[in-house]
Amino acid sequence: MKPFVAILIAAAFLNMPQLFADDPAKPKADAKSVEGTWQGSLKAGAVELRLAFKITKKKDGSLTATMDSIDQGAKDIPVDVVTWKEPDLRMELKVPGNPVFEGKANKDLTQIEGKWKQSGQTFPLTIKRVEKMTELKRPQEPKKPYPYLEEEVAYDNPRAGVKLAGTLTVPKGDGPFPAVLLIAGSGPNSRDEVVFGHKVFLVLADYLTRRGVVVLRSDKRGIGKSTGKYAEATSADFADDALAGVEYLKSRKEVDPHEIGLVGHSEGGVVAPMVASRSKDIAFIVLMAGTGVTGEQVLYRQGADILKAMGTDAKTLAKQRATQEKMFAILKEEHDRAAMEKKLNDFVAQEIAELSEEDKKTAKTQKTALDAQVKSLLTPWMRYFLTFDPQATLGLVQCPVLAINGEKDLQVAADVNLPAIEKALRAGGNHDVTVKELPNLNHLFQTSKTGNIFEYGQIEETISPTALALMGDWIESQAKRPAADSTVTASNESWEDSPRLGDRLRSRLRNLRLRNR
């Protein structure tokens, strides 16, 4: 059933190793009860994830527990069933895949050796008692008080009838300043774009604001404090929300309305060109791991690269591709959702029927996970993303563009997408295009060894200083661009004769004087 699991991974991580040197604290010597904090590492092939369990006793004497997946940044996941009959411990989570831990404790109750069972697969897992579980180190996360102003804001997207909530950070001093709107990648992202415990947009916003740029970052519709229905939204809907963000920035006195840019990460790199192609108010855009080919092509390459990094053999990779092609064909050819769901379920049933008797047993235990996967493929977002071709939209973008990708990006391959982005932009007549492939960086622009998605949480760095400096320098160069760089080529009119262009040039000259004080 590996091909089905691979598709689920690919769909989930478009939204994304060196272990920490410090060990968990030493266990208490007088531990007598199974209550307490336990931690261990789950190893599945090339993947290693640290899990922690906090077991407590309720008033009625029964046990309850929560689980943290440390490297994924997931905290306080409820454990539905906790059974302790010394020395045997059993914990069960009633979620897709139905994960269960069963283990046997040693005599002094400092270690429980057992197995983790999920989706028909079994992995060894030994957990040890610790006083405090390992905490993720995120040295780039800023600490208050900040050397700039931070404000909770909200603004409307009247077209969709939703209210977006976010955070605006403003440099201290005289304005108006250049501004950027951050557009997050796929998945139900909050304003900080939290991935595997990394607050990507918090770090990016902090860096840019310290460099004199106003930054707006917002919760996606239906997420956090924003209203609306996330489950019904597509990339086009997120583009509408981004346009509302641009309108909000234009209303702020601290913002130079002629120097508003967009920074989009992953799916945000798909959304940003949509916005720039529809609005004359966009002065520049930065595409961080944006796509230049259809979503279908992205997912084929993404699935293969992720599985290769996990050590998957060539036969399974071929099966994975064939399975993807058949399932994607159903999504593209069928327009009725009910009929689409039936065809997908029939296809899965047929694939299971062709398995060996031993594999069929495994497939039955994976049924919940497979059902969840089919539902994820049926979402409006996936159906839109699968067929959307960014080439036409990129060809309409005329503002300056910086497109960057990490060399080790396994989710949006640099060697496929960067050339496609540049080709489309230049074919549309855009000559202000800068394209960079950054060595040793992954999809989050962290310095990485393999680019594997399971490294994300284990790497302390949130964004490479090299990537931050590249973006900061380029954005600053847009605000400081000399007047000679801006001309009206269509009519040959001078900047004095064009009110909007004249305002923009005067604004740039004013910003240049302010920054050079």
Side-chain angles (χ1 to χ4, degrees), residues 155 168-171 175-183 204-205 207-209 211-218 239 241-265 268-288 290 393-404 421 425-426 428-436 470-490 493 495 498-515:
Y155 51 93
L168 187 77
T169 49
V170 182
F177 302 98
V180 297
L181 171 70
L182 304 186
I183 308 174
L204 180 55
Y207 177 82
L208 293 177
T209 309
R211 292 196 59 162
V213 179
V214 174
V215 180
L216 174 62
R217 64 190 197 275
S218 302
D241 293 342
L243 281 166
V246 172
E247 290 300 312
Y248 177 76
L249 285 172
K250 286 167 58 181
S251 73
R252 297 290 302 217
K253 65 179 183 352
E254 305 95 333
V255 172
D256 182 339
H258 306 299
E259 294 298 341
I260 296 175
L262 308 172
V263 179
H265 177 226
V270 177
V271 172
M274 291 181 181
V275 179
S277 69
R278 292 168 54 186
S279 173
K280 295 181 180 179
D281 296 316
I282 308 304
F284 56 85
I285 60 175
V286 178
L287 309 181
M288 301 174 64
T393 302
L394 287 163
L396 298 174
V397 175
Q398 297 301 309
C399 65
V401 178
L402 170 65
I404 58 175
I421 289 172
L425 289 166
R426 295 196 183 281
N430 191 333
H431 302 295
D432 199 337
V433 180
T434 304
V435 175
K436 297 282 187 182
L470 173 61
M471 289 186 284
D473 290 345
W474 187 84
I475 290 172
E476 186 173 286
S477 73
Q478 299 309 305
K480 289 185 176 181
R481 180 179 297 237
D485 284 0
S486 296
T487 58
V488 181
T489 57
E493 64 180 339
W495 71 270
S498 172
R500 184 176 181 274
L501 185 57
D503 287 345
R504 183 167 181 176
L505 296 180
R506 281 188 286 271
S507 176
R508 281 179 168 166
L509 290 172
R510 180 171 64 251
N511 285 336
L512 180 60
R513 288 194 296 270
L514 287 172
R515 287 177 178 78

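The basis for the numbers below is simple: all heavy atoms, side chains too, and nothing from hydrogens, waters or symmetry mates. This is a predicted model, so every value here is computed, not measured. Residue indices begin at 1 and follow the sequence shown.
The shortest heavy-atom contact between T393 and S277 is CG2-OG, 3.8 Å. Between V271 and A239 the shortest heavy-atom distance is CG1-CA, 3.5 Å. Across all non-hydrogen atoms, the minimal contact from E259 to Q478 is OE1-O, 4.0 Å. Across I285 and W474, no two heavy atoms sit closer than the pair O-CH2, 3.6 Å. Closest heavy-atom contact between L287 and A272: CD2-CB, 4.0 Å. For P171 against V214, the heavy-atom pair with the smallest separation is CD-CG2, 3.8 Å.
Looking at residues two or more places apart in sequence or on another chain, you find no side-chain hydrogen bond (donor to acceptor under 3.5 Å, both in side chains) involving Q398. Remark: K436 engages no residue in a side-chain hydrogen bond (donor to acceptor under 3.5 Å, both in side chains) (not counting sequence neighbours).
Residues R217 and T169 have side chains in contact (heavy-atom distance under 4.5 Å, counting atoms from C-beta outward). Two residues are said to be in side-chain contact when any heavy atoms from C-beta on lie closer than 4.5 Å; L243 and R278 meet this criterion. At a threshold of 4.5 Å between non-hydrogen side-chain atoms, the residues R252 and L216 do not count as touching. Considering only heavy atoms from C-beta on, I421 stays 4.5 Å or farther from V435 through its side chain. In this structure, the side chains of V397 and C399 come closer than 4.5 Å at one or more pairs of heavy atoms.
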Quiz prompt | Working for side-chain contact (heavy atoms from CB on, under 4.5 Å), residues I260 and L181 | solution = CA-CA 8 Å; I260 296 175; L181 171 70; 5.8 Å; no

Quiz prompt | side-chain contact (heavy atoms from CB on, under 4.5 Å) assessment of D281 paired with E247 | solution = CA-CA 9 Å; D281 296 316; E247 290 300 312; 3.9 Å; yes

Exercise. Go through the steps to decide whether M288 and L204 satisfy the test side-chain contact (heavy atoms from CB on, under 4.5 Å), and finish with yes or no.
Key: CA-CA 12 Å; M288 301 174 64; L204 180 55; 4.0 Å; yes

Self-check item: CA sep, side-chain torsions, deciding dist, call: R211, D473, side-chain contact (heavy atoms from CB on, under 4.5 Å)
Solution: CA-CA 9 Å; R211 292 196 59 162; D473 290 345; 2.7 Å; yes

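No donor-acceptor contact under 3.5 angstrom links the side chains of S251 and Y155, judged on distance only.
Note that CE of M471 is 14.0 Å distant from CD of E476, once rounded to the nearest 0.5 Å. Here the CG atom belonging to L394 is positioned 12.5 Å from the CZ atom belonging to R426, to the nearest 0.5 angstrom.
Each of D432, L396, N430 was compared with L425 under the side chain to side chain contact (heavy atoms under 4.5 Å, CB included) criterion, and only N430 meets it.
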